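The chains referred to below are lettered A, B, ... by the order of the sequence lines, with proteins before strands, and numbering in each begins at 1. Here the structure is a predicted model, which means the values were calculated and not measured. Only heavy atoms go into these numbers, but all of them, side chains included; no hydrogens, no water, no symmetry mates.
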Amino acid sequence: MSTSTETSGSDRPLDFIRQIVDQDQKSGKHSVPVTRFPPEPNGFLHIGHAKSICLNFGISNEYRGRCHLRFDDTNPSKEEVEYVESIKADVQWLGFDWQDHLYFASDYFDKLYDYAEQLIHRGKAYVCDLSADEIRNYRGTLTEPGKDSPYRGRSVEENLELFRKMRDGAYAEGSRVLRAKIDMSSPAIVMRDPVLYRIVYASHHRTGDKWCIYPMYDFTHCLSDMLEEITHSLCTLEFQDNRLLYDWVLDTLETPCHPRQIEFARLNLTYTVMSKRKLLQLVDEYHVDGWDDPRMLTISGLRRRGFTPNSIRKFCDLIGIGKKQSWIDMGVLENAVRDDLNETAPRVMGVLEPLKVVIDNYPEDMDEEITAQNHPQKPEMGTRILPFSRELYIERNDFMEEPPRKFFRLGPGREVRLRYGYYITCVSYEKDADGNVTLLHCTYDPETKGGTSTDGRKVKGTIHWVSAKDAVDGKVYLYDRLFDVEHPDGDKDVDFKTHLNPESRKILEGCKLEPSLAEIEAGVQVQFERQGYYCLDAVLSTPGKPVFNRVVTLRDSWAKIK
RNA sequence: UGGGGCGUAGCCAAGUGGCUAAGGCACCGGGUUUUGAUCCCGGCAUUCGUAGGUUCGAGUCCUACCGCCCCAGCCA
């Protein structure tokens, strides 16, 4: 499967992780890199995960190594199978292939258990009867060392017996844990006799009720990496301290290989929140319509919104990999889809807020067929037929009663070009009692068919249109950023939800679309000329009643002039 | 006040002691254009958190200071 983007494979400098991978290959430390993407199946993947997926799978593709998909499922109280399926689908949709390397940390529970006993045998782990509160109190603080647990001195035999009884269900949840015996006065808190196993009476989505003790992340992750012979274990910055324990476990167990953990900065985007907890809150409190709401930056939301896998890969490529916590402008993501869709999306015409136009001098019984290009810069994308008739719809904001100088569109007495059609001039207009313009009377110049005049006359403006009697009616959802401030969760004292953008979704009904749009498939992106990129919504559309999602607007320099 | 990290333009980000500090986004000009889109051209850091020091030479090495992030779950 090809997963390269147009922007990769260039002579761009390697990021610091690829430099390491590169050196390790050149030095012969590893013949090929083996990476892994290790999600916990407790929620949906989002754009932040995409960065990690593109990094891990990207490296394995570039260096002909492997990338494993491994579910880090060590906490049965939080994890569910439905998440496993959605995560697999999302990774595949992004264009990556784990081949036959699909793993679950839970597949290693037996081995992990044996390693735990081995640690006990080596005098490096003990069963502790302290309660969770007591353990916390014994741990000390950032500036004060912890105290040894009174159970720290138990014999190997006693620890072994206790640990086996823990496994066999002899004790209540929370009553005992297995702890590593390291150093309660370590300046690194993660090394103060961390918990390795806890008792949890919960059914696991894969192992069912086989176990009532479950290994903790720090014990599981390094050993899983080792068992899979991962060469480079890439994770985010907050695990930097944990690397001490990662290395301790592998070193004291004398394992056959020792993967290198390397940390990089997670993705932060402006105008959104990224934590699973906050995303869940948006869903639970109905601020959005679910995990795949097109405004959500989940992979499923982006997919439904109309983002392409390529645009997301491009984006990840664009932002780079570093160790500095940073905020990427939402505009960079938006720009990545624009760039991608500009290349691939066929152009069509759709009138979002229709204003009716009657061409007074166009014969009532006349119909014409106009040929339009599907992509002006790519003739290979072909052409299509547009019906033309006396009554049309144009965009309401393409007409102004008192247009300023720099407004190139329609106004009383002004002439514009209908894209691929004729030049028309507005001769008069009608208004209702409230002062709303309801109808434009125009005349057309029969000599300008196709959009060019023979006399060399220039018109500045070109507007889109749809033949009234041929138009397809549709709904259009205009999506915008979910939050209206750069850092919605920037202030701990202010609820991030107060910054929800009330205009993040506008629903337009009675939009007039060109006939070709009646047969478009869900998930296929088109450009509504002069407006933006749109995509048929797979969930809300019904036969004959299309619903389009706006993926992103076109750049609009007129908006700046205004 | 302990430990682990990080500071290069408005936002990302190259730079691994030696020619004039890459590139992208954003922004500002100009050109092309039957999408106010795309595309093209040009502009955009005398300076790398600050202050000292080493050196013929420092964004790169040393020292001190300042600022920001992470760590005290039987979460990952």
A correct 5'-to-3' footprint of nucleotides 71-76 of chain B, with B, S and - meaning base, sugar-phosphate only and no protein heavy atom under 4.0 Å, is BBSBSB

For nucleotides 17-33 of chain B, 5' to 3', base contacts (B), sugar-phosphate-only contacts (S) and non-contacts (-) with protein non-hydrogen atoms under 4.0 Å give -----B-SSSSS-----

Problem set entry | A/Q19 (side chain) and B/U16 (base): donor-acceptor pair under 3.5 Å |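 Yes.
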
**Asked** Relative to the ring of A/Y422, is the ring of A/Y444 parallel (under 30°), tilted (30 to 60°) or perpendicular (over 60°)?
**Response**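 A/Y444 vs A/Y422 ring planes: perpendicular.
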
Query raised in the report: Parallel, tilted or perpendicular: which describes the rings of A/F109 and A/W211, with under 30° parallel and over 60° perpendicular?
Result: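 Because their plane-to-plane angle is over 60°, the rings of A/F109 and A/W211 count as perpendicular.
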
Legend entry - Under-4.0 Å side-chain N/O to phosphate OP1/OP2 contact, A/S557 with B/A37: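 Result: yes.
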
**Asked** Does A/K324 put a side-chain nitrogen or oxygen below 4.0 Å from OP1 or OP2 of B/C69?
**Response**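 No, no such contact exists.
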
How is [X] classified with respect to the nucleic acid when contacts are heavy atoms under 4.0 Å: base, sugar-phosphate, or nothing?
{"X": "A/P145", "value": "nothing"}
{"X": "A/L554", "value": "base"}
{"X": "A/R409", "value": "base"}
{"X": "A/F16", "value": "nothing"}
{"X": "A/Q527", "value": "base"}

Would you measure the distance from the [atom1] atom in [N] across to the matching atom in [M] and give it in whole Å?
{"N": "B/U55", "M": "B/A45", "atom1": "P", "answer": "33 Å"}
{"N": "B/U1", "M": "B/C27", "atom1": "P", "answer": "42 Å"}
{"N": "B/U47", "M": "B/A22", "atom1": "C1'", "answer": "15 Å"}
{"N": "B/G4", "M": "B/U54", "atom1": "P", "answer": "29 Å"}
{"N": "B/U32", "M": "B/G23", "atom1": "C1'", "answer": "25 Å"}
{"N": "B/A13", "M": "B/G24", "atom1": "C1'", "answer": "8 Å"}
{"N": "B/A14", "M": "B/G52", "atom1": "C1'", "answer": "28 Å"}
{"N": "B/G5", "M": "B/C62", "atom1": "P", "answer": "15 Å"}

Would you check if the side chain of [X] reaches a backbone N or O of [Y] as a donor-acceptor pair within less than 3.5 Å?
{"X": "A/S186", "Y": "A/R192", "result": "no"}
{"X": "A/N268", "Y": "A/S326", "result": "yes"}
{"X": "A/R530", "Y": "A/F528", "result": "no"}
{"X": "A/N374", "Y": "A/M381", "result": "yes"}
{"X": "A/N42", "Y": "A/E79", "result": "no"}
{"X": "A/D329", "Y": "A/V332", "result": "no"}
{"X": "A/E144", "Y": "A/G140", "result": "no"}

_A/G421 or A/G322, whichever maps to the more 5' nucleotide of RNA chain B_ =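 Taking each residue's closest nucleotide, the earlier one in sequence belongs to A/G322.
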
**Request:** With RNA chain B as reference, determine whether A/T448 or A/S326 sits nearer its 5' end, using the nearest nucleotide of each.
**Result:**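 This one resolves to A/S326.
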
- Message: Please enumerate all residues that pass salt bridge (Lys or Arg N to Asp or Glu O under 4.0 Å) together with A/D489, with sequence neighbours excluded.
- Response: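 Counting only residues at least two positions away or on another chain, A/D489 forms a salt bridge (Lys or Arg N to Asp or Glu O under 4.0 Å) with A/K278.
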
Expressed in angstrom and rounded to an integer, what is the separation of [X] atom [atom1] from [N] atom [atom2]?
{"X": "A/L410", "N": "B/G36", "atom1": "CG", "atom2": "P", "value": "14 Å"}
{"X": "A/R530", "N": "B/U38", "atom1": "CZ", "atom2": "P", "value": "14 Å"}
{"X": "A/D317", "N": "B/A14", "atom1": "CG", "atom2": "C1'", "value": "14 Å"}
{"X": "A/Q377", "N": "B/U38", "atom1": "CD", "atom2": "P", "value": "10 Å"}
{"X": "A/I463", "N": "B/A37", "atom1": "CD1", "atom2": "P", "value": "17 Å"}
{"X": "A/W558", "N": "B/G36", "atom1": "CH2", "atom2": "P", "value": "11 Å"}
{"X": "A/Q261", "N": "B/G5", "atom1": "CD", "atom2": "P", "value": "12 Å"}
{"X": "A/L341", "N": "B/U38", "atom1": "CG", "atom2": "C1'", "value": "13 Å"}

Margin query: Salt bridge check, A/E529 against A/R419: does any charged N sit closer than 4.0 Å to a carboxylate O?
Written below: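 Yes, this pair counts.
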
Test log, rule side-chain hydrogen bond (donor to acceptor under 3.5 Å, both in side chains), inputs A/D133 and A/S131: CA-CA 5 Å; A/D133 277 351; A/S131 69; 5.4 Å; no

* To do: Give me the one residue out of A/Y126, A/Y113, A/Y171 that meets ring pair (Phe, Tyr, Trp, His ring centres under 6.0 Å) with A/F163.
  =>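 By the ring pair (Phe, Tyr, Trp, His ring centres under 6.0 Å) criterion, A/F163 pairs with just one of A/Y126, A/Y113, A/Y171: A/Y113.
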
Extract from the structure each pairing of a protein N or O with an N or O of nucleotides 65-67 of chain B at less than 3.5 Å, listing the distance.
none

Tell me whether the centres of the aromatic rings in A/W465 and A/F388 are closer together than 6.0 Å.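 Under 6.0 Å, so yes.
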
For RNA chain B, the dot-bracket notation using Watson-Crick and G-U wobble pairs below 3.5 Å, [ ] for pseudoknot-type crossings and | for other-strand pairs, is .(((((((.[[[..)..(....]]].(((((.......))))).....[[[[[..)....]]]]])))))).....

Review point. What do the steps show when you test A/N242 against A/Y217 for side-chain hydrogen bond (donor to acceptor under 3.5 Å, both in side chains), and what is the final call?
Key: CA-CA 10 Å; A/N242 299 250; A/Y217 166 84; over 6 Å; no

* To do: Using a 90° cut-off around 0 for syn, call B/G30 syn or anti.
  =>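 Base orientation: anti.
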
Once side chain to side chain donor-acceptor pair (under 3.5 Å) is applied, do any residues pair with A/S52, and if so which ones, sequence neighbours excluded?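 Side chain to side chain donor-acceptor pair (under 3.5 Å) check on A/S52 returns A/N56.
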
Candidates B/G36, B/C69, B/G2 - which lies nearest the side chain of A/F408: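 That would be B/G36.
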
